[in-house]
Amino acid sequence: MQLSSTFVPLWSAPEQTGDGLWLVFSGRDLLVLNGPEPALPTGAAAPVRIDRARCIGTLDGRPCWAAHGVEVDVGAEAGAAGKHEWLGLRALFERLPEAHVALAGRALQVLDFERLHRFCGVCGGRMEASDMGRGRSCTACGEVVYPRIAPAMMVLVTRKGARGPELLLARGPRFQTGMYSALAGFVEPGESLEDCVRRETREEVGVELGPLRYFGSQNWPFPHSLMVAFTAEWAGGEIACQEDEIEDARWFAIDALPLMPTPLSIARRLIDATVQELSSARG
Ligand SMILES: [Zn+2]
(Lines give C-alpha, C1' and ligand atoms only; values in the text may rest on other atoms or scores of the structure.)
Protein backbone atom coordinates (compact mmCIF):
# COMPACT_ATOMS: atom_id res chain seq x y z
CA MET A 1 0.00 0.00 0.00
CA GLN A 2 2.66 2.45 1.08
CA LEU A 3 4.96 1.51 -1.78
CA SER A 4 2.51 3.06 -4.22
CA SER A 5 2.40 6.40 -2.38
CA THR A 6 3.30 9.38 -4.52
CA PHE A 7 5.32 12.17 -2.99
CA VAL A 8 5.55 15.53 -4.76
CA PRO A 9 8.23 17.80 -3.26
CA LEU A 10 7.30 21.42 -2.69
CA TRP A 11 8.97 24.29 -0.99
CA SER A 12 7.26 27.04 0.91
CA ALA A 13 8.13 29.80 3.27
CA PRO A 14 7.58 29.16 6.98
CA GLU A 15 4.56 30.37 8.93
CA GLN A 16 1.99 28.24 7.14
CA THR A 17 -0.30 25.74 8.75
CA GLY A 18 -3.03 23.34 7.78
CA ASP A 19 -4.37 19.83 7.99
CA GLY A 20 -2.21 17.09 6.59
CA LEU A 21 0.72 15.09 7.86
CA TRP A 22 2.91 16.77 10.46
CA LEU A 23 6.61 16.09 10.80
CA VAL A 24 7.43 17.79 14.07
CA PHE A 25 10.93 17.52 15.46
CA SER A 26 12.46 18.17 18.83
CA GLY A 27 16.16 18.13 18.05
CA ARG A 28 16.47 15.08 15.82
CA ASP A 29 13.51 13.20 17.32
CA LEU A 30 10.14 13.01 15.57
CA LEU A 31 6.75 13.39 17.23
CA VAL A 32 4.48 10.38 16.78
CA LEU A 33 1.11 9.53 18.29
CA ASN A 34 0.88 6.13 19.89
CA GLY A 35 -2.10 3.99 18.96
CA PRO A 36 -2.25 0.38 17.87
CA GLU A 37 0.63 1.54 15.65
CA PRO A 38 2.60 4.78 15.93
CA ALA A 39 1.35 7.43 13.50
CA LEU A 40 2.20 10.92 12.35
CA PRO A 41 -0.05 13.67 13.76
CA THR A 42 -2.56 14.77 11.13
CA GLY A 43 -3.42 18.22 12.43
CA ALA A 44 -1.98 21.03 14.46
CA ALA A 45 -3.72 19.47 17.47
CA ALA A 46 -0.52 17.70 18.42
CA PRO A 47 0.31 18.32 22.10
CA VAL A 48 3.21 20.60 21.28
CA ARG A 49 3.75 24.23 20.37
CA ILE A 50 4.75 24.44 16.71
CA ASP A 51 7.53 26.74 15.60
CA ARG A 52 7.48 27.97 11.99
CA ALA A 53 5.90 25.15 9.97
CA ARG A 54 6.65 24.92 6.26
CA CYS A 55 5.12 22.72 3.57
CA ILE A 56 7.68 20.24 2.21
CA GLY A 57 5.42 18.58 -0.35
CA THR A 58 2.33 16.43 -0.75
CA LEU A 59 1.92 12.71 -0.16
CA ASP A 60 -0.97 11.32 -2.21
CA GLY A 61 -2.33 14.86 -2.37
CA ARG A 62 -2.09 15.56 1.38
CA PRO A 63 0.12 18.47 2.40
CA CYS A 64 3.10 17.54 4.59
CA TRP A 65 4.36 20.03 7.14
CA ALA A 66 7.77 20.18 8.75
CA ALA A 67 8.35 22.11 11.96
CA HIS A 68 10.22 22.26 15.20
CA GLY A 69 8.04 21.53 18.18
CA VAL A 70 8.18 22.41 21.84
CA GLU A 71 6.42 20.20 24.35
CA VAL A 72 3.62 22.14 26.02
CA ASP A 73 1.90 19.91 28.51
CA VAL A 74 2.15 16.15 28.59
CA GLY A 75 -1.15 15.99 30.47
CA ALA A 76 -3.12 17.97 27.88
CA GLU A 77 -3.03 15.50 25.06
CA ALA A 78 -5.41 15.38 22.13
CA GLY A 79 -7.77 12.87 23.73
CA ALA A 80 -8.53 9.96 21.43
CA ALA A 81 -5.25 10.32 19.60
CA GLY A 82 -3.55 8.73 22.60
CA LYS A 83 -0.13 9.37 24.03
CA HIS A 84 2.64 10.88 22.03
CA GLU A 85 6.28 10.02 21.89
CA TRP A 86 9.49 11.49 20.46
CA LEU A 87 11.27 8.86 18.41
CA GLY A 88 14.74 8.90 16.87
CA LEU A 89 14.70 8.35 13.12
CA ARG A 90 16.43 5.00 13.44
CA ALA A 91 13.61 3.72 15.65
CA LEU A 92 11.10 5.04 13.14
CA PHE A 93 12.53 2.79 10.45
CA GLU A 94 11.12 -0.12 12.40
CA ARG A 95 7.78 1.41 13.26
CA LEU A 96 6.44 3.75 10.56
CA PRO A 97 5.37 3.02 6.97
CA GLU A 98 8.20 3.42 4.48
CA ALA A 99 6.65 6.47 2.80
CA HIS A 100 6.46 8.25 6.18
CA VAL A 101 10.05 7.40 7.02
CA ALA A 102 11.16 8.95 3.72
CA LEU A 103 9.02 11.99 4.53
CA ALA A 104 10.62 12.33 7.95
CA GLY A 105 14.04 12.18 6.31
CA ARG A 106 13.17 14.98 3.93
CA ALA A 107 11.61 17.08 6.71
CA LEU A 108 14.67 16.74 8.91
CA GLN A 109 17.00 17.66 6.05
CA VAL A 110 14.93 20.75 5.19
CA LEU A 111 14.90 21.90 8.83
CA ASP A 112 18.62 21.20 9.20
CA PHE A 113 19.40 23.16 6.04
CA GLU A 114 17.69 26.25 7.45
CA ARG A 115 19.20 25.83 10.90
CA LEU A 116 22.73 25.49 9.53
CA HIS A 117 22.50 28.33 7.00
CA ARG A 118 21.33 31.27 9.02
CA PHE A 119 24.46 33.25 8.16
CA CYS A 120 26.56 33.52 5.00
CA GLY A 121 29.75 31.47 4.82
CA VAL A 122 31.37 34.16 2.63
CA CYS A 123 30.64 37.42 4.45
CA GLY A 124 28.71 36.47 7.60
CA GLY A 125 25.58 38.32 6.42
CA ARG A 126 22.08 37.14 7.26
CA MET A 127 20.66 34.44 4.92
CA GLU A 128 17.03 34.25 3.82
CA ALA A 129 14.93 31.83 1.77
CA SER A 130 15.33 32.23 -2.00
CA ASP A 131 14.43 30.43 -5.24
CA MET A 132 10.91 29.67 -4.04
CA GLY A 133 12.36 28.41 -0.76
CA ARG A 134 14.69 25.80 -2.32
CA GLY A 135 17.82 27.72 -1.46
CA ARG A 136 19.04 30.45 0.86
CA SER A 137 20.70 33.65 -0.24
CA CYS A 138 22.79 36.21 1.59
CA THR A 139 21.07 39.54 2.14
CA ALA A 140 24.47 41.29 2.02
CA CYS A 141 26.55 39.70 -0.79
CA GLY A 142 23.99 37.56 -2.65
CA GLU A 143 25.75 34.21 -2.13
CA VAL A 144 23.22 31.40 -2.74
CA VAL A 145 23.34 27.94 -1.19
CA TYR A 146 21.22 24.83 -1.64
CA PRO A 147 20.70 21.77 0.56
CA ARG A 148 23.71 19.49 0.47
CA ILE A 149 23.41 15.80 -0.31
CA ALA A 150 26.47 13.64 0.35
CA PRO A 151 26.76 10.61 -1.96
CA ALA A 152 28.04 7.44 -0.37
CA MET A 153 28.56 4.06 -1.93
CA MET A 154 27.89 0.54 -0.79
CA VAL A 155 29.20 -2.60 -2.44
CA LEU A 156 28.49 -6.27 -1.89
CA VAL A 157 31.43 -8.34 -3.14
CA THR A 158 30.77 -11.93 -4.22
CA ARG A 159 32.94 -14.86 -5.30
CA LYS A 160 32.58 -18.52 -6.18
CA GLY A 161 33.86 -20.41 -3.16
CA ALA A 162 34.90 -24.07 -3.07
CA ARG A 163 31.52 -25.06 -1.58
CA GLY A 164 29.32 -22.47 -3.32
CA PRO A 165 28.80 -18.72 -3.64
CA GLU A 166 30.21 -16.45 -0.91
CA LEU A 167 29.68 -12.84 0.18
CA LEU A 168 32.34 -10.54 1.58
CA LEU A 169 30.83 -8.92 4.68
CA ALA A 170 32.57 -6.69 7.19
CA ARG A 171 31.88 -5.09 10.56
CA GLY A 172 32.92 -1.71 11.88
CA PRO A 173 33.91 -1.14 15.52
CA ARG A 174 30.57 0.55 16.32
CA PHE A 175 28.34 -2.16 14.82
CA GLN A 176 25.92 -4.09 17.00
CA THR A 177 27.65 -7.19 18.39
CA GLY A 178 27.90 -9.94 15.79
CA MET A 179 26.47 -7.86 12.93
CA TYR A 180 28.12 -7.76 9.51
CA SER A 181 27.20 -5.76 6.41
CA ALA A 182 28.34 -4.78 2.93
CA LEU A 183 31.25 -2.34 2.53
CA ALA A 184 30.41 1.38 2.48
CA GLY A 185 32.10 4.75 2.30
CA PHE A 186 31.66 8.40 1.34
CA VAL A 187 32.53 9.75 -2.08
CA GLU A 188 35.52 12.13 -1.99
CA PRO A 189 35.51 15.47 -3.87
CA GLY A 190 36.44 14.88 -7.51
CA GLU A 191 35.70 11.16 -7.35
CA SER A 192 33.13 9.13 -9.32
CA LEU A 193 30.96 6.55 -7.60
CA GLU A 194 32.86 3.82 -9.44
CA ASP A 195 36.24 5.19 -8.31
CA CYS A 196 34.93 5.41 -4.77
CA VAL A 197 33.73 1.79 -4.75
CA ARG A 198 37.13 0.53 -5.93
CA ARG A 199 39.13 2.79 -3.60
CA GLU A 200 37.09 2.02 -0.47
CA THR A 201 37.17 -1.71 -1.18
CA ARG A 202 40.94 -1.60 -1.63
CA GLU A 203 41.43 0.51 1.52
CA GLU A 204 39.02 -1.33 3.79
CA VAL A 205 39.70 -4.96 2.88
CA GLY A 206 42.54 -4.98 0.31
CA VAL A 207 40.45 -6.60 -2.42
CA GLU A 208 40.19 -5.80 -6.15
CA LEU A 209 36.87 -5.89 -8.02
CA GLY A 210 35.56 -6.90 -11.44
CA PRO A 211 32.83 -4.90 -13.22
CA LEU A 212 30.34 -3.09 -10.97
CA ARG A 213 26.61 -3.62 -11.24
CA TYR A 214 24.17 -0.99 -9.99
CA PHE A 215 21.62 -2.23 -7.46
CA GLY A 216 19.68 0.76 -6.11
CA SER A 217 19.87 3.78 -3.83
CA GLN A 218 18.47 5.04 -0.54
CA ASN A 219 18.27 8.50 0.92
CA TRP A 220 19.75 8.38 4.39
CA PRO A 221 19.12 11.46 6.52
CA PHE A 222 22.02 10.98 8.99
CA PRO A 223 22.56 13.75 8.27
CA HIS A 224 22.17 14.08 4.49
CA SER A 225 23.50 11.09 2.58
CA LEU A 226 22.42 9.33 -0.56
CA MET A 227 23.55 5.72 -0.40
CA VAL A 228 24.16 4.16 -3.84
CA ALA A 229 24.54 0.39 -3.81
CA PHE A 230 26.40 -1.95 -6.18
CA THR A 231 27.41 -5.57 -6.47
CA ALA A 232 30.77 -6.70 -7.84
CA GLU A 233 32.66 -9.94 -8.22
CA TRP A 234 35.95 -10.42 -6.44
CA ALA A 235 38.86 -10.08 -8.88
CA GLY A 236 41.86 -10.59 -6.62
CA GLY A 237 43.52 -9.96 -3.27
CA GLU A 238 43.25 -11.58 0.17
CA ILE A 239 41.22 -9.86 2.90
CA ALA A 240 43.34 -7.41 4.90
CA CYS A 241 41.26 -5.25 7.25
CA GLN A 242 41.93 -1.53 7.51
CA GLU A 243 42.91 -0.67 11.05
CA ASP A 244 40.35 1.49 12.96
CA GLU A 245 37.74 1.26 10.18
CA ILE A 246 37.13 -2.48 9.87
CA GLU A 247 37.07 -4.71 12.92
CA ASP A 248 36.57 -7.91 10.94
CA ALA A 249 35.79 -8.96 7.36
CA ARG A 250 35.20 -12.46 6.04
CA TRP A 251 33.78 -14.53 3.23
CA PHE A 252 30.45 -15.99 4.28
CA ALA A 253 28.72 -18.86 2.45
CA ILE A 254 25.24 -17.70 1.41
CA ASP A 255 23.62 -20.41 3.56
CA ALA A 256 25.62 -19.47 6.68
CA LEU A 257 25.22 -15.71 6.99
CA PRO A 258 25.76 -13.76 10.24
CA LEU A 259 23.47 -11.22 11.91
CA MET A 260 22.72 -8.51 9.36
CA PRO A 261 21.21 -4.97 9.24
CA THR A 262 17.48 -4.23 9.48
CA PRO A 263 15.39 -5.38 6.47
CA LEU A 264 14.47 -1.77 5.75
CA SER A 265 18.05 -0.73 5.05
CA ILE A 266 19.39 -0.84 1.53
CA ALA A 267 22.30 -2.91 2.88
CA ARG A 268 19.95 -5.71 3.80
CA ARG A 269 17.97 -5.46 0.56
CA LEU A 270 21.22 -5.65 -1.36
CA ILE A 271 22.31 -8.75 0.55
CA ASP A 272 18.91 -10.48 0.37
CA ALA A 273 18.51 -9.85 -3.37
CA THR A 274 22.04 -11.06 -4.08
CA VAL A 275 21.60 -14.21 -2.00
CA GLN A 276 18.38 -14.97 -3.84
CA GLU A 277 20.02 -14.46 -7.21
CA LEU A 278 23.04 -16.59 -6.35
CA SER A 279 20.84 -19.33 -4.89
CA SER A 280 18.67 -19.58 -7.99
CA ALA A 281 21.74 -19.48 -10.25
CA ARG A 282 23.12 -22.43 -8.29
CA GLY A 283 19.85 -24.26 -8.94
ZN1 LIG B 1 27.31 37.00 2.15
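Counting starts at 1 for both ligands and their atoms, following the listed order.
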Q) Which count of protein N, O or S atoms is obtained for distances strictly below 2.8 Å from the Zn ion (ligand 1)? A)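 Number of qualifying protein atoms: 4.
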
Q | Short side-chain donor-acceptor distance under 3.5 Å, D29 and S26 | A |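 Looking only at side-chain atoms, D29 and S26 do not form any donor-acceptor pair under 3.5 Å.
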
Would you list the atom pairs, donor with acceptor, under 3.5 Å between side chains in residues 200-213 and any protein atom, with sequence neighbours excluded?
from, atom 1, to, atom 2, distance (Å)
T201, OG1, V197, O, 2.6
R202, NE, E208, OE1, 3.3
R202, NE, E208, OE2, 2.8
R202, NH2, E208, OE1, 3.2
E203, OE1, R199, NH1, 3.2
E203, OE2, R199, NH1, 3.4
R213, NH2, E277, OE1, 3.3
R213, NH2, E277, OE2, 2.9

(Q) Count I, L, V, M, F, W, Y as connected when their side-chain heavy atoms are under 4.5 Å apart, and connections chain through other members. Are F215 and I271 then in the same cluster? (A) yes

Name the atoms and distances for all side-chain donor-acceptor pairs under 3.5 Å in residues 129-138, with sequence neighbours left out.
from, atom 1, to, atom 2, distance (Å)
D131, OD2, Y146, OH, 2.9
R136, NE, H117, O, 2.8
R136, NH2, M127, O, 3.2

Q. Under a 4.0 Å N-O cut-off, is there an ion pair linking R269 with D272?
A.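 No, this pair does not count.
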
Q: Check side chain to side chain contact (heavy atoms under 4.5 Å, CB included) between T274 and all other residues, then give those that pass, not counting sequence neighbours.
A: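 For T274, the residues satisfying side chain to side chain contact (heavy atoms under 4.5 Å, CB included) (neighbours in sequence not counted) are L156, T158, L167, T231, L270, L278.
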
